[in-house]
Amino acid sequence: MITDVAPESGSTMPVQQRKRGRVPGWLRGVIWAVIAIAVISTASYSTGVAALTSSNTASTALRLALPILLCALGGLWAERAGVVNIGLEGMMILGTWGAAWGSYNGGVWAGLISAIVFGALGGLLHAVATVTFNVNHIVSGVAINLLGLGVTKYLANLIFAPISGNPRQSPVVPKFDTYSASFLSDWLGDLEKEQRVGISDVAGILRGLVTEVAPLTMIAIILIPVSFWVLWRTRFGLRLRSCGENPVAAESLGVNVYLHKYVAVIISGAFAGMGGASLVLLRGGADYLENQTNGRGYIGLAAMIFGNWRPGGLLGGAALFGYADGLQLAGGGEAVLALLYGAVILVGVIVVVQLFRKQWIAAGLGVVGAGVLYAIYWSNDTLPSDLIPYTAHFVTLIVLAVASQRLRPPKADGQPYRRGED
């Protein structure tokens, strides 16, 4: 019987058995998407809060998920090469300033290129510190974040203040045009207005995803399968991932570990810079503002961890965090409270699954968690306005706590490496 070695677990398993028993990743993603839509649809009709599945919420969530998605992709490239990139936040900050400066002087595409360059420079600095000088990756990342804040503040005061009159804000900059699938959007809009159970919810979500979409959004979505293909289907990607799993073994096979780490971290910074550009160059967003990123670089890193260092998984994480952020903007405290009701339903489904598996402790904890969430929902008409803007941050903490049991990072992620050492 033919056997092979699982690339990330090191275990042997018959090829035929693995093909029969393992659900493809894309199918798992579809199943989870269906479950998520079913849960929020049920919560929407049970609570009477239509904002949970409205096209406005979906459109806002797509725009807000974009910087998280791009930062998560950046983290994926760096960490698959063995470099922890806590500096994504600082690289994104550099990207916001670069996008505003480039767009003001040369248009939106110049702004996007400028953001990529500024982010990549942040990645290059992180690579020099961690790869060449073996600085602790966390220390270097924190330094990049502080440096990004300081550099952009200085540049904004030097260049933007004389024009805008405000050292913390850029002048008005051009934005990307948006495009809609008109016929499809109108048809889905009619379905959404009919308020049919399930059908109108799906129509509202889809309408938000095909209405007023910017070219940068389409580029970001295309980068997901492209990243998967490059990292998992090419010789370059195999060598890059080997640097994150076992750089000594990779070096013994002739792989230039330093070069691959440098390339990965520079690409990581470029993606984070694109994430910064999405905050500045998309319609509905503000021009450059100081502290504009608001921790999205860290949330992007959390989305990558939630996705278990896989492109499809981080897409789900970015969608989740973007939806939570978009919901609080589109629906306010009442909608966020209704989302808690949806969380109760989801936890209830998980409890049933755990009972079938005879996982009594997990099921018991799930019952307690569902009870706490329902108590919060039942005892409040809305949530305090001071807490609502931090919805995505709370979701990040909860998701990471739940997902921490199944994580499998690259084996050499964050470990120091010196050429020629064992």
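Since this is a predicted model, take the numbers as computed values, not measurements.
The two atoms that bring C71 and G297 nearest to each other are SG-CA, 4.0 Å, heavy atoms only. What you find for S114 and A99 is that their closest heavy atoms are OG-N, 4.5 Å. Across A264 and L240, no two heavy atoms sit closer than the pair CB-CD1, 3.7 Å. Closest approach of T211 and S185 over heavy atoms only: OG1-OG, 2.9 Å. Here the shortest heavy-atom pairing between A277 and L112 reads CB-CD1, 4.0 Å. When all heavy atoms of L188 and R207 are compared, the pair lying nearest together is CD1-N, 3.7 Å.
The 12-atom threshold is exceeded at OH of Y262, counting heavy atoms of other residues, nucleotides or ligands nearer than 6.0 Å.
To the nearest 0.5 Å, atom CD1 of residue I199 and atom CG of residue L191 are 7.5 Å apart. For the atom pair CG of L88 and CZ of F271, the computed distance is 11.5 Å after rounding to the nearest 0.5 Å.
In this structure the side chain of L64 never reaches within 4.5 angstrom of the side chain of F321, judged on heavy atoms. L73 places none of its side-chain heavy atoms less than 4.5 Å from the side chain of M274. No side-chain heavy atom of T132 sits less than 4.5 Å from a side-chain heavy atom of Y258. The shortest distance between side-chain heavy atoms of L184 and L206 does not fall below 4.5 Å. A heavy-atom distance below 4.5 Å is not found between the side chains of L52 and T57. Side chains of I35 and V349 form no contact here, defined as non-hydrogen atoms less than 4.5 Å apart. Between W97 and I159 there is a side-chain heavy-atom pair separated by less than 4.5 Å. Proximity of N56 to T60: side-chain heavy atoms (C-beta onward) are separated by under 4.5 Å at one or more points.
I350 pairs in a side chain to side chain contact (heavy atoms under 4.5 Å, CB included) with only one of the listed residues (V352, V353, L346), which is L346.
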>> The test is side-chain contact (heavy atoms from CB on, under 4.5 Å); show your working for I205 and I40 and say whether it passes.
In response: CA-CA 11 Å; I205 293 171; I40 61 175; 3.9 Å; yes
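For residues 137-155, every residue pair satisfying the side-chain hydrogen bond (donor to acceptor under 3.5 Å, both in side chains) rule, not counting sequence neighbours, is listed here: H126-S140, N145-Y298. Listed by first and then second residue, the side-chain hydrogen bond (donor to acceptor under 3.5 Å, both in side chains) pairs that reach into residues 327-344 are D325-Q328, sequence neighbours excluded. Applying the side-chain hydrogen bond (donor to acceptor under 3.5 Å, both in side chains) test to residues at least two apart or on different chains, the pairs with a partner in residues 272-289 are K175-D287, D177-R283.
The cationic group of R310 lies under 6.0 Å from the six-membered ring centre of W232 and within 45° of the ring axis, placing it in a cation-pi geometry.
Relative ring orientation between F118 and W101 is described as perpendicular, the plane-to-plane angle rising above 60° on a 0-90° scale split at 30° and 60°.
Remark: the backbone N or O of L223 is paired with a side-chain donor or acceptor of S227 at under 3.5 angstrom. Listed for the R233 side chain is no donor-acceptor partner under 3.5 Å among the backbone atoms of F228.
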